[in-house]
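These notes are about the structure you will find just below.
In what follows, every chain begins at residue 1, and chains take the letters A, B, ... in the order their sequences are listed. Excluded from the calculations below are hydrogen atoms, water molecules and symmetry mates; all remaining heavy atoms, backbone and side chain alike, are included.
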Number of protein chains: 2
Amino acid sequence: MNEGGLGPKPRGREASGAVRMSDVARLAQVSPITVSRCLQAPGRVAPETRDRIRAAMESLGYVPNLVAGTLASNRSRMVAALVPTLAQANHAATIDALTTRLNQAGLQVLLGSTGYSDIAELDLVRTFLGYRPQAMVLTGVTHSPEAARLLQGVGIPIVETLETGTTPLDMAVGFQNAAAGATVARHLMARGCRQPAVLTHGAASDTRAADRHRGFVAQVRACGGVEPLSVPVDPADLAGGAAGLERLLIQASGVDAVFCVSDTLALGALMACRRLGVAVPERLALIGFGDSEPGALVQPALSTVHVPKAEIGDMAAAMILARLSGQESASRVVDLGFRLVVRDSG
Amino acid sequence: MNEGGLGPKPRGREASGAVRMSDVARLAQVSPITVSRCLQAPGRVAPETRDRIRAAMESLGYVPNLVAGTLASNRSRMVAALVPTLAQANHAATIDALTTRLNQAGLQVLLGSTGYSDIAELDLVRTFLGYRPQAMVLTGVTHSPEAARLLQGVGIPIVETLETGTTPLDMAVGFQNAAAGATVARHLMARGCRQPAVLTHGAASDTRAADRHRGFVAQVRACGGVEPLSVPVDPADLAGGAAGLERLLIQASGVDAVFCVSDTLALGALMACRRLGVAVPERLALIGFGDSEPGALVQPALSTVHVPKAEIGDMAAAMILARLSGQESASRVVDLGFRLVVRDSG
DNA sequence: TTGATTGATGACAGCGCTAACATAGGGCAG
DNA sequence: CTGCCCTATGTTAGCGCTGTCATCAATCAA
C-alpha cells in the first residue's frame with residue numbers, strides 16, 4: 001500500500017490527456033490486449049466482444065496511438081521518401097502514385113525534399129531513419145558515402161528511382177538516362193543535324209541529367225558529329241532555359257539542334273527562340289526530356305522523351321510491399337524504359 | 001538476485017538490434033539522460049562531455065529512435081498534411097513550400113492525398129492523428145462532420161488552405177474563391193461578353209471550384225448578363241476540359257466566353273478550340289484559374305487568375321510554428337488574395 | 001471417457017526514450 | 001564561513017502499446 005504517503009513520492013508527469021486503450025478496455029470490460037487485437041486482427045476476437053469494444057471506442061472517441069504501437073511492435077507502418085523537389089511535375093506524379101499505392105496497403109509516406117543537395121539529403125536520411133520507417137524511397141542512385149552507409153546499415157528495403165544505370169544500394173526502378181540521351185542523339189543525327197548542343201542542369205547532384213548529357217555526347221561522337229557544346233544551367237527553370245539558349249547561340253552560331261535535359265529547360269529555350277526570331281525546328285531543332293504536359297501544348301509542340309513517372313511510383317510501392325511480405329524479389333532492378341516522342345520541335 | 005533462475009522466467013522479446021542510447025552512454029561513460037540532453041540541448045552539457053558523447057555516437061553509428069522519443073516527450077516533431085492530389089502543380093507548390101519551411105524548423109511532414117474523396121480524407125485524418133502530429137494542414141474548409149469532430153478534439157493547430165470564405169476549424173490561409181470568380185466575371189462583362197459559360201469541376205468535394213463557379217455566376221447576374229450555362233467535368237484533366245468545351249458548344253451556340261475553374265480545364269478547352277477552328281479570343285474568350293506554367297506558354301497565352309501557391313504553404317508553416325511556440329496568433333484567417341492575369345485568351 | 005486440438009482472453013514485461021525531480025560541487029556576496 | 005544560486009549530471013518512473021506465453025473452456029476424434 002502506498003496510500004499512507006510513506007513510499008517514494010510519486011512524481012509522474014501527467015499523461016497526454018487523450019483516451020487510451022485501457023480506457024476503452026475498462027468500458028468494454030475486457031483487457032487492453034483484447035482491444036489491441038480487435039484493432040489488429042478483428043477475426044481473433046469473438047463477435048460480441050468485438051461489438052462491445054467498437055462501441056466503447058466510438059463512445060470515447062478513441063484514436064489509437066500508433067507511436068506507442070510502433071515502439072512496442074517495431075513496425076512503424078511508415079515509408080520515407082526523398083525527392084529533389086516536388087515543384088517539378090515528374091517527381092510529383094511519381095510520389096502521388098507511390099503514396100496512393102502504399103496507403104492502400106496501410107502504409108503512410110513521410111516525405112522530404114532535398115533541393116538537389118547532398119547535405120540536405122544526408123540530414124533527411126538521418127532524421128527519417130529516426131522514425132524507423134519500414135522502407136525508404138530515394139531519387140537517383142548517387143548519395144553521399146555517409147548516407148549510403150547509414151542506409152545500408154538499417155536493413156530495410158530501399159528503392160532508388162529514376163535511374164537504373166549502376167548497381168543500386170538495394171533495389172532500383174527507372175530507366176537508363178544515358179541510353180535516353182543516346183536515343184535523342186541518334187534521332188537528331190538521323191534527322192541531319194550536324195552541330196548539336198546540350199542545355200544541361202548545373203547542379204552537381206542531378207546525376208540523372210548528367211547521365212543523359214553524357215549518353216548524348218557519346219552517341220554524337222559515335223555518329224561522327226561535331227563535339228557538342230554544352231551549357232550548364234542552374235536553377236533549371238524556364239528563365240534558366242531561356243538564358244541558357246541565348247548564351248549558347250552567342251558561343252556557337254552554327255548550332256542546329258539542342259538537347260535540353262529537361263522539358264522545363266526546353267520550354268524556356270523555346271520562349272527564347274520565339275523572342276529572338278529563331279525558327280524551330282527549321283533553323284534550330286529542340287528536344288526536351290520528361291514529356292511534361294505543357295510540352296504537348298505549346299507551338300511548335302515539343303519533341304521529348306517520355307518517361308513512366310506514375311509507373312515508377314507504382315512499381316516502387318509494389319517492390320516495397322513484396323519485400324515487406326517476405327518475398328525476396330527476383331529482380332532488384334526494374335527498367336521501365338522510355339520512349340522518344342517526336343512532335344514538331346525537332 | 002534473480003540469477004538463481006527461481007524468479008519468473010524472463011521471456012522478453014529480443015530488442016530491435018539497433019544501437020541504443022544506453023550503448024552510447026556506456027561508451028561515453030555518462031548516463032543515458034546526458035546523451036539525450038546532448039541531442040536536444042547541447043548547450044546544457046559540458047564541452048568535453050559533449051565531445052565524448054559525439055565521438056561515441058559516431059563510432060557506434062547511433063541513430064536516435066524518434067519514435068521512443070515521441071512517446072516519452074509527447075512531441076512527435078511531425079506535421080500531417082492532406083491534399084486532394086499532388087499531381088496538380090498548385091498543390092505540389094504549396095506542399096513544397098510548406099515542407100521546406102517546416103523542415104528548417106526541425107519538423108517533418110507526413111503527407112497524404114485524398115483524391116477529392118471525403119471518405120479517404122476521414123480515413124487519413126484518423127490514421128494521421130494516430131501518429132500524434134503536432135499540427136495538421138488540410139486543403140479546403142469542407143470536411144465530413146466526423147473528421148471535423150476528430151480534428152477539433154485533439155487540440156493541435158490546424159490550418160486549412162486555399163480557402164478563406166467561411167469560419168475555419170482553427171486557422172485558414174488562402175484567398176476567397178467566390179471573389180475570384182466574381183472578378184473574372186466583371187472582367188469578361190467589361191470586355192463586352194454577353195453570354196458567358198462555366199466549365200466546372202464535377203467532384204462534389206472540390207468546394208473551392210464550386211465557390212469560384214458560384215461567385216462567377218452571381219456576378220454575371222449582378223451585371224445583368226445572360227444566366228451562364230455551366231458544364232461539370234470530372235475528372236478535371238486536359239481531356240475533360242476538351243470534352244467539356246465541345247459539349248458546351250453543342251448545348252449553347254451563342255456562348256462567347258468560358259470561365260474554366262482550373263487552368264488544366266482551360267488548356268483542354270483551348271486544345272478543343274484549336275481542333276474545332278474556334279478563334280480564341282475573337283469568337284470565344286477563355287479564362288482559366290491557377291496561373292499554371294503551361295498557361296503562360298501556349299498560344300494564345302491563357303488569361304487566368306494567379307494565386308499565391310508557395311506563399312500559402314509558407315504562411316501555413318509560419319502560422320503553425322507561431323502557434324507551437326506559444327504565440328496566440330492574432331489573425332486566425334489570412335487572406336493572401338489573388339490577381340487577375342490578362343493575357344491573350346480573354 | 002480421454003487426450004489432443006482449437007478458440008478466446010488475459011498477465012506480464014518491456015520497446016527506447018525523456019519529464020521531473022534530485023544531487024553534487026563550485027563560485028560568490030555578505 | 002555561511003547560505004544561496006548556478007551548472008553539470010544522475011535517479012526514477014513512466015509514455016501507451018504489443019510480443020510472448022499462459023490459461024481456461026469448448027470441441028472432437030478415437
- prompt: Over how many whole Å does the gap from Tyr131(B) atom OH to dC17(D) atom C1' extend?
  reply: 13 Å
task: Provide, to the nearest angstrom, the distance between the CG atom belonging to Asn65(B) and the P atom belonging to dG16(C).
output: 7 Å
- prompt: So which one's nearest nucleotide on DNA chain D is more toward 5', Val19(A) or Gln29(B)?
  reply: Gln29(B)
- request: With sequence neighbours excluded, tell me which residues meet side chain to side chain donor-acceptor pair (under 3.5 Å) with His143(B).
  value: Glu121(B), Glu160(B)
Please write out each protein N/O paired with an N/O of nucleotides 7-9 of chain D under 3.5 Å, distance rounded to 0.1 Å.
unit_1	atom_1	unit_2	atom_2	d
dT9(D)	OP1	Thr49(B)	OG1	2.4
dT9(D)	OP2	Ala46(B)	N	2.9

- prompt: Do Ser144(B) and Glu146(B) get their side chains close enough for a donor-acceptor pair, meaning under 3.5 Å?
  reply: no
Sequence-distant partners of Asp23(B), salt bridge (Lys or Arg N to Asp or Glu O under 4.0 Å), two or more places apart: Arg20(B), Arg26(B)
message: Show me the pairs that pass ring pair (Phe, Tyr, Trp, His ring centres under 6.0 Å) and involve residues 26-49 of chain A, at least two apart or across chains.
response: none
Identify all pairs in which a protein N or O lies below 3.5 Å from an N or O of nucleotides 23-26 of chain C, and state each distance.
none

- request: List for me each residue that meets salt bridge (Lys or Arg N to Asp or Glu O under 4.0 Å) alongside Glu311(A), sequence neighbours excluded, and say none if there are none.
  value: none
statement: Gln104(A) meets the side chain to side chain donor-acceptor pair (under 3.5 Å) criterion, sequence neighbours left out, with none
statement: Per atom distances to the Gln40(A) side chain, the nearest of dT18(D), dT18(C), dC15(C) is dT18(D)
query: How many Å lie between CG on Leu66(B) and C1' on dC17(C), as a whole number?
result: 10 Å
task: Enter the inter-axis angle for the ends of the helix from dT1(C)-dA30(D) to dG30(C)-dC1(D) (five pairs per end, rounded to 10°).
output: 30°
field: Leu71(B) CG - dG14(C) P separation (whole Å)
entry: 17 Å
field: Gap between atoms CZ and P, on Arg77(B) and dC17(C) respectively (whole Å)
entry: 12 Å
Non-neighbouring partners of Ala135(A) that pass side-chain contact (heavy atoms from CB on, under 4.5 Å), sequence neighbours left out: Val79(A), Pro157(A), Ile320(A)
message: With a 6.0 Å cut-off (strictly less than), is the heavy-atom count around CD of Gln29(A), excluding the residue itself, greater than 12?
response: no
task: Can you run down the ring pair (Phe, Tyr, Trp, His ring centres under 6.0 Å) pairs that involve residues 93-124 of chain B, sequence neighbours left out, and say none if there aren't any?
output: Tyr116(B)-His201(B)
task: Starting at atom CG of Leu39(B), determine the distance to atom C1' of dG16(C), rounded to an integer number of angstrom.
output: 13 Å
- line: In whole angstroms, the gap separating P of dC15(C) from CG of Asn74(A) amounts to 11 Å
- request: Would you please name every residue forming a salt bridge (Lys or Arg N to Asp or Glu O under 4.0 Å) with Asp170(A), sequence neighbours left out?
  value: Arg323(A), Arg332(A)
- prompt: Quick one: side-chain hydrogen bond (donor to acceptor under 3.5 Å, both in side chains) pairs with a partner in residues 39-56 of chain B, sequence neighbours left out?
  reply: none
- line: Asp23(B) atom CG is separated from dG16(C) atom P, nearest whole Å, by 9 Å
